[in-house]
There are 2 protein chains.
Amino acid sequence: MGFVANTSINLGLAILAAILCAYIAPAAAGSGIPEVKAYLNGIDAHSILAPSTLFVKIFGSIFGVAAGFVVGKEGPMVHTGACIANLLGQGGSKKYHLTWRWLRYFKNDRDRRDLITCGAAAGVAGAFRAPVGGVLFALEEAASWWRSALLWRTFFTTAVVAVVLRGFIEFCRSGRCGLFGQGGLIMFDVNSAKNSYSSADLLAVIFLGVIGGIFGSFYNYLVDKVLRTYSIINERGPIFKVLLVAAVSLLTSCCSYGLPWLSHCIPCPSYLEADRCPTVGRSGNYKNFQCPAGHYNDLASLFLNTNDDAIRNLFSSGTSKEFHLSTLLVFFVAIYCLGIITYGIAVPSGLFIPVILAGASYGRLVGNLLGALSDLDTGLFALLGAASFLGGTMRMTVSLCVILLELTNNLLMLPLVMLVLLISKTVADSFNQGVYDQIVKLKGLPYLEAHAEPYMKNLVASDVVSGPLITFSGVEKVGNIMHALHLTRHNGFPVIDEPPLTPAPELCGLVLRSHLLVLLKGKKFTKQKTMAGSDIMRRFKAHDFAKAGSGKGVKLEDLDIKEEEMEMFVDLHPITNTSPYTVVETMSLAKAAVLFRQLALRHLCVVPKTPGRPPIVGILTRHDFMPEHVLGLYPHVVNRHK
Amino acid sequence: MGFVANTSINLGLAILAAILCAYIAPAAAGSGIPEVKAYLNGIDAHSILAPSTLFVKIFGSIFGVAAGFVVGKEGPMVHTGACIANLLGQGGSKKYHLTWRWLRYFKNDRDRRDLITCGAAAGVAGAFRAPVGGVLFALEEAASWWRSALLWRTFFTTAVVAVVLRGFIEFCRSGRCGLFGQGGLIMFDVNSAKNSYSSADLLAVIFLGVIGGIFGSFYNYLVDKVLRTYSIINERGPIFKVLLVAAVSLLTSCCSYGLPWLSHCIPCPSYLEADRCPTVGRSGNYKNFQCPAGHYNDLASLFLNTNDDAIRNLFSSGTSKEFHLSTLLVFFVAIYCLGIITYGIAVPSGLFIPVILAGASYGRLVGNLLGALSDLDTGLFALLGAASFLGGTMRMTVSLCVILLELTNNLLMLPLVMLVLLISKTVADSFNQGVYDQIVKLKGLPYLEAHAEPYMKNLVASDVVSGPLITFSGVEKVGNIMHALHLTRHNGFPVIDEPPLTPAPELCGLVLRSHLLVLLKGKKFTKQKTMAGSDIMRRFKAHDFAKAGSGKGVKLEDLDIKEEEMEMFVDLHPITNTSPYTVVETMSLAKAAVLFRQLALRHLCVVPKTPGRPPIVGILTRHDFMPEHVLGLYPHVVNRHK
């Protein structure tokens, strides 16, 4: 009976989450951190941060976590934070009638990017109640470009989060808000544990880190395989997505309700009061489950609990006898596998909690195995195990360290946590990439790495310039522009001044597609090929060319150019960026890549080395630097380097 | 008698420190953080990180702190860390016979810069026993360029520092190492204090932050004025430096020994045991001084103590009655003034401790004044006061926050500390710059800001190109090169290929002075103007051109070129960087500045826009972007912008 009730409620919630996710906003599935990371790298895909994604992310995540999946709420909260920031950054949503006038100041790429970084930081700060960890997460994992002003802006954001969070916790202390008020600002406090450790324990810790790194990279490997399999199923339609979610939900319910029956009942430790062991409610340690009075089921204490409480149980100190070795092993294996198969189904699912759960049970297992050999508490072993798994999957260092510090409030463990993180990261890095980078790659997003690939040193900029180059004249015929806009999907076009305006053809600059569309809509055309710049300047304000909200600018279909207007001319000088960054065609591709990435460019003009040729050779965009593109053109360049 | 003994010992130590500093390494005076910051910004002044500076910094700092000056050891430790890293980075010191072969891998600019960043981080980590704070300090304050690899490298460095530090503390627990073992990993533990605070306390905290910000920026203002005054005295010779130190030492001794007489004796609180109040030894609370048994002198507890113990006393909780209001006021004023007049004398002197001392006494004063109005402990008020002063003078956010967290081990205060730091930084920023930036500017170091100045938008690159341009031909006469090297101090020269090698003159690339010197020393000259590149390639190895230790490469005086060799030719192609970054002469100066700064360049070639002119217009270097240079050429450009 209990099993049926439990399973059906879980299934219902899971299907609800899946329907939201599959039918309204498919972009809301998964963690969301890879998408935010890609956005901050300059990949402007509309659906990533759309209001519908925000809505589904919030409610899908609530239903998903409530359905008992082995998923976290942390990744979705980061995505939620970024979505809210994006909503503010585009001046609210006109579609849903949420607009503010003052938000127009964010209508440019850089400020919008900064705002979304702040949103991601606020998400982490709220999820882990870790304000400093949030800043560092944004710095280390999310942001691709960083500047000192951004540092204190994210810091300000998370300070506000911390103050608001503390206010809510104060308000909820009396239990008015369900589970929220519990735990205070520190979620998994292990400050009370005994911190003494000897030099011999360092060896145990190093061992823990190495194995944790191997498990972590293997986790990444399996997640990658599972995601590839799921993508085949998910492509067949939304209904298959929902069915997959239902299948995983059933499996999860079976595991969490079925496995505890394997475990034996353990008598409560005598030093605990009756109301602390056994417990029956929705949270707490020492679950009674099917056991007689005065006994508890240790596996149920982990499975039939909120994920937060399970972590708290694993981190609890001075309770080395609470869980049997076999229990920890079963729990570890189950969570490790469930975590892997759950990520990728159509519900918002964070990776932090599954990884922490698996890592903590692994760490506690090792701690129990070592037993008397080590001075370290088993609860602290669980913490170090969680650190090793996090380091092994996510490959962050400082931010994970501070997040763990803020989660557990144990400053004296800091040297050990740092050590474990570094070791597991280093071990795992020798096998594969971090899990978020892997997902970005799997999704086919053109992510621009911070460093140039070594083989790029053997190529020059002009080697990878692709596609037919379309250039405009300084004063161009409207028909030509319309033709080019229809024909290509380029976002930037070089403008060339030609005689009689200049003695010889020379590169005037670069115009953007979005600016061209605004200009054409204004219809300031002239019959003759003359410079009508000042006229155009009067017609438009700078604000007209400000970046519109995603998917909301002037579209090519909106333009209504008449036949006779097609033969007229328009002066492009007022909207031309006359200082585009350029490289000479013989510039090493590696150095061009560094320039492109460091300055966060979208277009890089390649100019000829020798005079007497057309003043521009081509334009390099993000796609031209992708390894697939370069290696597609020059498959042997990697070997040449060796 | 006590006064005379105290004063004379202090004076002796002070003069020792001053002699070291004035005669051996004048660069070791002061905090050292501005110098490290300038070095990491690309300002390669030899003496900043020389081995002699290292030696004086270590011992001068020990003597200076021991002499009872109001100086910290934290800044000097950062400088020390950077110096040690530099020593390793140049492959040890040949002069002092400290070399290792494997260190040759650091013989390039970037790895050396990274290593020095790690050294600075290690310094902070060691000084405050704050490993994560060290990483963030290096990131926020020290480093000008950052990349993700650097993040985990500094993290690794500070992790090692933390493990080693913990090992030493463990070893010294029995008191074998004097004061070192005390305090454990957390220097000023306030974890035991009651953390409850109400919303009304937020107002008090905001008030504290605003006033702290004003005091902090006023501190910077006064330090600037005092430094300008001292530089007049110090310029007159080393003996004047020593005299100045002696005068400040006498004043400090008078204050610290004289002022406590003004204070009244207070009976010891009854709840303390006899061995805790009064105390006589070198550390501890409740100093007996001149008082009868069972009484203590509160001002002496602050003045006649190590700086660390004074801070611990101010931070101590549950002792709101320990210090009189008047005592705190006197101490605050004295430390504030002494801190200002001490910085700039010829001893290594950190700014952290004076600022924390002044801030803590200010915070405790405010806490005592508010008294019953606030729930917050006076010890926590002292912590917040210290945070407000640090934020007001140094203008860091995340790193100060984490350093304070690691110093005090009180996670629950984090929201308040963040708030105070942000408020005081914002308030102080409206008055003047951070203290380190101010000192960098005062020393006349050409520090490159991360952002371009607004007026640069009104200028183009060719506007600020200065000096006569000296170019070399692809195969150049040795005499011409020698002449150019003698005549100018340029570090980079453009190389131009001319007919008959190419159809028209074109920019081949850039050669560096240091590479030219190595090439000339090799004497691979030819009688005719021919390309002898492959010959030269055989003669040299890549290692020959590796960056030598500071001040150790081939010098112009070392070259011994004979008269007939002057008329011979040398092929510059093998050592020419054929992919220099270039900008067109009409490029906006602001965008050129961003390029220059983001890519960490030393030379930026400016090329002509129109064909038919010489292929290079000029070279932009760091000095050409300095506001003094630009505004010297175009004084009205700032107004034009308005």
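A note on names: the letters A, B, ... follow the listed sequences, proteins ahead of strands, and every chain is numbered from 1. Because only heavy atoms are used, hydrogens play no part in the values below, and waters and symmetry mates are left out as well, while side chains stay in.
Heavy atoms of B/P503 lying under 4.5 Å from chain A are absent altogether. Contacts of A/T426 with chain B are absent, with no heavy-atom separation under 4.5 Å from either backbone or side chain. Only the side chain of B/L136 comes within contact range of chain A, judged by heavy atoms closer than 4.5 Å. Proximity to chain A involves both the backbone and the side chain of B/Q598, based on heavy atoms less than 4.5 angstrom apart. Residue B/T502: no heavy atom, backbone or side chain, is found under 4.5 Å from chain A. A/D497 does not touch chain B: none of its heavy atoms, backbone or side chain, sits under 4.5 Å away. Using a 4.5 Å cut-off between heavy atoms, B/L202 touches chain A through its side chain atoms alone.
Atom-to-atom distance recorded for A/T157:OG1 and B/M418:CE is 9.0 Å, nearest 0.5 angstrom. Considering OG of A/S588 and CG of B/N577, their distance stands at 9.0 Å, rounded to 0.5 Å. Between A/F155 atom CZ and B/L400 atom CG the span is 8.5 Å, to the nearest 0.5 Å. To the nearest 0.5 Å, atom CG of residue B/L414 and atom CZ of residue A/R166 are 11.5 Å apart. Taking CG of B/L139 as the reference point, atom CH2 of A/W146 lies at 8.0 Å (rounded to 0.5 Å). The CD atom of B/E506 sits 5.0 Å away from atom NZ of A/K609, with the distance rounded to the nearest 0.5 Å.
B/Y581 approaches A/K591 most closely through the heavy-atom pair OH-O, 2.7 Å. Residues B/S579 and A/T586 come closest through the heavy atom pair OG-O, 3.7 Å. Taking both residues in full, the closest heavy atoms of A/F156 and B/L422 are given as CA-CD1, 3.3 Å, listed atom of the first, atom of the second, then distance.
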Inset, instruction - Any chance you could lay out the side chain to side chain contact (heavy atoms under 4.5 Å, CB included) test for A/T582 and B/V584, step after step, and finish with the verdict? - result: CA-CA 8 Å; A/T582 57; B/V584 181; 4.1 Å; yes
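When each of A/V583, A/V135, A/L411 is checked for heavy-atom pairs under 4.5 Å with chain B, A/L411 comes out on top. Taking B/T158, B/V398, B/V163 one by one and counting their heavy-atom pairs under 4.5 Å with chain A, the maximum is reached by B/V398. Interface remark: of the candidates B/A162, B/P615, B/A592, B/A504, B/A162 forms the most heavy-atom pairs closer than 4.5 Å to chain A. Between chain B and the residues A/A450, A/P415, A/A461, A/G509, the largest count of heavy-atom pairs under 4.5 Å involves A/P415.
Within a 6.0 Å sphere centred on CZ of B/R110, heavy atoms belonging to other residues, nucleotides or ligands number 12 at most.
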